[in-house]
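Scroll down for the structure; my scribbles are underneath it.
Order of the sequence lines sets the chain letters (A, B, ...), proteins ahead of strands, with each chain counted from 1.
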Protein chains: 2
Amino acid sequence: MAVTIIDVAREANVSPSTVSRVIADHPRISEKTKKKVREVMESMHYYPNFQARNLAARTTQTIGVVMANSATLAFQNPFFPEVIRGISTTAHACQLGLYLSTGGTEEEIFQEVVAMVQGRKVDGVILLYSRVDDKTLNYLREMQFPFTIVGRPYDFENQIDFVDNDNQQIAKDVVNYLVDLGHREIAFIGGDVHFVVSADRLEGYRAALEDHQLSYQEKYFIQDYAFEQDGKEAIRQLMAEEQPPTAIVAHDDSVAYEIIRYLEQLEIRVPEDVSIISFNNHALSEHVKPPLTSVDINIFELGIQATELLLKRIKQPEREASHQFVDTTLIVRDSCQSLNPR
Amino acid sequence: MAVTIIDVAREANVSPSTVSRVIADHPRISEKTKKKVREVMESMHYYPNFQARNLAARTTQTIGVVMANSATLAFQNPFFPEVIRGISTTAHACQLGLYLSTGGTEEEIFQEVVAMVQGRKVDGVILLYSRVDDKTLNYLREMQFPFTIVGRPYDFENQIDFVDNDNQQIAKDVVNYLVDLGHREIAFIGGDVHFVVSADRLEGYRAALEDHQLSYQEKYFIQDYAFEQDGKEAIRQLMAEEQPPTAIVAHDDSVAYEIIRYLEQLEIRVPEDVSIISFNNHALSEHVKPPLTSVDINIFELGIQATELLLKRIKQPEREASHQFVDTTLIVRDSCQSLNPR
DNA sequence: AAGTATTATGCAAGCGCTTGCACAAAATTC
DNA sequence: GAATTTTGTGCAAGCGCTTGCATAATACTT
């Protein structure tokens with residue numbers, strides 16, 4: 001088999017423990033010995049076996065990355081690639097590996113996380129989603145296993161490490177932006193409210209309306225499943241209201257474009273007849289017609305921060321829980337129109 | 001610490017090896033003993049330590065997934081999420097974990113792969129890219145370590161397991177499609193030719209032109225870096241040719257949309273004035289204006305097949321190298337126009 | 001009833017590494 | 001120059017599990 005620490009030790013006339021200490025650059029080993037051992041390691045092409053090392057040292061040097069479920073991957077473009085890029089960046093800098101969940105259902109994912117934790121596959125976990133009342137999250141919390149969430153936890157906000165955008169605030173900002181442009185009838189096409197991100201944005205939308213003495217109205221709110229089931233019909237109905245909205249907030253750019261397409265089929269123009277604004281600022285939104293006004297949520301940074309937070313927690317298991325909000329940017333393009341008189 | 005096999009053994013009045021065999025469902029253990037041991041495991045909340053198990057069994061139950069580099073993640077939407085979804089599906093079904101590369105440069109990635117292989121972190125590797133003359137690939141090949149590529153290898157095609165689309169053929173198909181519509185002046189906006197996928201598509205484009213007695217012309221070919229540097233200018237020049245192209249083939253939908261935007265700025269309409277066709281069929285391409293004619297390359301399936309192929313190789317290290325081409329579909333939408341007389 | 005085959009379990013030697021402790025040698029102190 | 005401290009290395013006991021081989025117990029032959 002491969003050359004082990006013992007082979008090196010024999011060849012270098014030292015004990016295995018010395019070799020181990022040379023690898024760890026232990027200060028108590030003389031430079032002379034270190035040099036000698038390193039030369040032998042080199043010449044024998046020694047490479048440490050991380051499995052063995054980690055078993056002995058009771059660590060994994062790996063963090064688990066858990067996505068809501070692999071099936072939704074495609075829909076949350078570009079979230080996944082970007083957040084992975086952020087996580088990778090920090091993880092690589094700290095020589096940590098990434099272990100990815102693969103499950104397709106909530107239960108499968110839960111089982112996987114249990115395997116990661118109890119099976120000693122990872123030193124900590126990053127949850128890439130925050131769902132209301134999530135079994136996996138509760139498990140992690142009860143086990144007191146190091147983890148962070150990309151997203152605000154529904155419960156125990158002060159006992160859990162997380163990073164997120166301030167989704168309530170950005171939803172407010174978006175509504176405020178529209179109101180400033182003179183809009184009063186503002187519709188909201190939401191995401192799955194079982195995800196906290198969607199619930200928060202909806203809440204921000206409501207709160208902002210209230211701030212402006214505009215009442216929240218059922219007819220201006222389309223739920224995710226209604227839209228997914230028959231988006232075209234949902235939009236048709238929305239625009240057929242006696243007082244149709246003059247602006248629509250969509251929870252994601254891809255939804256926004258889908259809406260725009262249906263509007264077009266109804267011969268309603270964007271932004272001339274109705275304004276559209278959305279979240280997540282896909283890369284394509286810059287190039288596509290009409291260029292979409294969208295909130296850039298800085299996914300890359302979310303990944304970075306989540307990983308850094310996790311590392312702190314791993315190093316200091318007893319530290320206070322903390323969280324961080326990552327800044328967003330409203331990217332104004334051409335999908336919203338002012339109704340204000342010149 | 002956590003409960004081990006030894007604790008269970010003691011409690012159940014059997015030896016550790018028996019417990020181990022119960023876990024493995026070894027046929028030589030009586031049902032009675034199995035039942036007893038399982039009850040004890042249950043009541044003690046035993047959970048196997050995979051680290052230890054894998055060390056002893058000389059396996060990892062993990063496959064390494066290596067991306068070209070994390071920085072490009074964003075640009076290759078939706079490739080990464082979709083291929084991961086495919087890989088996950090197969091991996092999960094076989095109880096395999098996924099270990100993701102994190103490196104940002106070729107050299108970092110190479111080092112990571114060495115660590116995966118020599119450090120016994122994975123049982124096999126999936127390369128999510130195929131680059132010309134790739135150090136990592138050569139290493140894997142020379143080490144005879146199990147691996148597959150999503151993409152055609154540049155060299156040693158018959159000695160390496162891989163899955164891919166038949167990119168030369170689909171590029172030909174695309175050109176043929178345009179020619180059938182009456183186009184003769186067909187431009188090609190390529191990807192980085194250091195990646196085999198781009199080289200293959202370019203090759204298919206050239207070959208198809210030849211098949212139709214249309215000569216390949218420099219002026220109709222824009223290289224990736226030219227486009228990235230100043231796409232707008234590149235397109236301007238292209239369309240300012242004495243005989244501008246009537247159709248443009250773009251190597252990715254996102255590039256196609258970027259082109260369309262520049263064309264629009266030049267007051268050139270798609271598809272009325274120039275047709276556009278591209279590869280990869282992003283999810284958005286269905287909704288966005290103009291709906292793009294694009295080749296769906298079935299990324300999900302590429303992920304599935306690559307994983308299955310890798311598993312075969314892991315199980316049978318000595319088997320013949322094999323490869324598989326995954327079918328593609330030309331999704332005809334509204335970005336190409338026929339020049340043929342009615 | 002003795003011999004053979006089969007089934008069920010245990011023993012013990014790993015897998016390759018880390019690390020607390022002991023201890024010898026060298027350096028420092030007074 | 002003896003006593004003390006510092007430095008450098010080795011010993012051996014793990015980490016928690018697997019597995020080839022031996023052996024005990026039981027079942028099957030004739």
Side-chain angles (χ1 to χ4, degrees), chain A residues 1-38 40-41 44-62 95 97 115-123, chain B residues 1-38 40-41 44-62 95 97 115-123:
Chain A
M1 273 241 102
V3 17
T4 74
I5 223 172
I6 298 187
D7 303 322
V8 174
R10 193 182 306 122
E11 192 74 13
N13 282 314
V14 294
S15 75
S17 33
T18 300
V19 177
S20 171
R21 289 185 176 108
V22 170
I23 295 170
D25 204 16
H26 190 112
R28 276 290 174 76
I29 301 288
S30 69
E31 282 309 320
K32 211 175 102 194
T33 309
K34 281 184 183 172
K35 183 156 177 285
K36 180 177 62 180
V37 171
R38 281 180 185 138
V40 174
M41 292 198 320
M44 296 181 79
H45 302 294
Y46 169 77
Y47 204 96
N49 179 322
F50 292 110
Q51 255 183 189
R53 190 222 284 284
N54 290 338
L55 175 61
R58 290 185 189 82
T59 161
T60 67
Q61 305 297 344
T62 303
Q95 317 247 53
M116 289 186 199
V117 172
Q118 315 242 37
R120 309 298 137 97
K121 297 183 177 191
V122 303
D123 293 337
Chain B
M1 275 240 100
V3 18
T4 73
I5 224 173
I6 297 188
D7 304 321
V8 174
R10 193 182 305 122
E11 192 74 13
N13 282 312
V14 295
S15 76
S17 34
T18 299
V19 177
S20 172
R21 288 186 177 109
V22 170
I23 295 169
D25 204 17
H26 190 111
R28 275 292 172 76
I29 302 289
S30 68
E31 282 309 320
K32 209 174 103 194
T33 309
K34 280 184 182 171
K35 182 154 177 284
K36 180 176 64 179
V37 171
R38 281 181 186 137
V40 174
M41 293 195 323
M44 298 181 78
H45 302 293
Y46 169 78
Y47 204 96
N49 179 321
F50 292 110
Q51 254 182 187
R53 186 218 287 274
N54 291 339
L55 175 61
R58 289 184 190 84
T59 161
T60 67
Q61 305 298 344
T62 302
Q95 319 247 53
M116 289 187 201
V117 172
Q118 314 243 35
R120 308 296 136 98
K121 297 183 176 190
V122 303
D123 293 337

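- Remark on DNA chain D: of its neighbouring residues A:P16 and A:P27, the 5'-side contact belongs to A:P27, judged by nearest-heavy-atom nucleotide.
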Between N or O atoms, less than 3.5 Å apart, protein on one side and nucleotides 22-26 of chain D on the other: list the pairs.
none

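- Checking the phosphate oxygens (OP1, OP2) of D:dG10, a side-chain nitrogen or oxygen of A:T18 falls inside 4.0 Å.
- The CD1-C1' distance, from A:I29 to D:dT7, rounds to 10 Å in whole Å.
- OP1 or OP2 of C:dG10 lies within a sub-4.0 Å distance of a side-chain N or O belonging to B:S15.
- We find that CD of B:Q51 is positioned 15 Å from P of C:dG16, with the value rounded to whole Å.
- When heavy atoms are screened at a 4.0 angstrom cut-off, A:V19 is found touching no nucleic acid atom at all.
- Distance from the side chain of B:A56 is smallest to C:dG14 among C:dG14, D:dC15, C:dG10.
- Note: CZ (A:R53) to C1' (C:dC15) measures 16 Å, nearest angstrom.
- Scanning for side-chain hydrogen bond (donor to acceptor under 3.5 Å, both in side chains) contacts around B:D123 gives B:T59, B:T60, with sequence neighbours left out.
- As a whole-Å value, the separation of B:K32 NZ from C:dA8 P is 11 Å.
- Note: CG (B:N54) to P (C:dC17) measures 16 Å, nearest angstrom.
- The C1' atoms of five pairs define one axis at each end of the helix from C:dA1-D:dT30 to C:dC30-D:dG1, and these two axes lie 40° apart (to 10°).
- A donor N or O paired with an acceptor N or O is found under 3.5 Å between the base of D:dC11 and the side-chain atoms of A:S17.
- Distances were taken from every side-chain heavy atom of B:A57 (C-beta onward) to each of C:dC17, D:dC17, D:dT19; the shortest belongs to D:dT19.
- Comparing D:dG16, D:dG8, D:dG10 against the side chain of B:L55 picks out D:dG16 as the nearest.
- Under 4.0 angstrom from either OP1 or OP2 of C:dT9 there lies at least one side-chain N or O belonging to B:T33.
- When rounded to the nearest whole Å, the span between NE2 of B:H26 and C1' of D:dC17 equals 16 Å.
- As rounded to whole Å, 13 Å separates atom C1' of C:dC15 from atom CG of A:D7.
- Between B:S20 and D:dT18 there is a side-chain polar atom (N or O) within less than 4.0 angstrom of OP1 or OP2.
- Closest to the A:Y46 side chain, of the nucleotides D:dC17, D:dG10, C:dC17, is C:dC17.
- We find that CG of B:N49 is positioned 18 Å from P of C:dC15, with the value rounded to whole Å.
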Side-chain atoms of residues 8-20 of chain A: list all donor-acceptor pairs with protein atoms under 3.5 Å, sequence neighbours left out, distances to 0.1 Å.
{"from": "A:S15", "atom 1": "OG", "to": "A:S17", "atom 2": "N", "distance (Å)": "3.4"}
{"from": "A:S15", "atom 1": "OG", "to": "A:S17", "atom 2": "OG", "distance (Å)": "2.9"}
{"from": "A:S15", "atom 1": "OG", "to": "A:T18", "atom 2": "N", "distance (Å)": "3.3"}
{"from": "A:S15", "atom 1": "OG", "to": "A:T18", "atom 2": "OG1", "distance (Å)": "3.3"}

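- Every side-chain contact (heavy atoms from CB on, under 4.5 Å) that B:K34 has, sequence neighbours left out, goes to B:V22, B:D25, B:I29, B:E31, B:R38.
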Could you write nucleotides 21-26 of chain C as a row of B, S and -, 5' to 3', where a protein heavy atom under 4.0 Å of any base atom gives B, of only sugar-phosphate atoms gives S, and otherwise -?
B-----

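- A distance of 5.5 Å separates CD1 in A:I23 from CE in A:M41, rounded to the nearest 0.5 Å.
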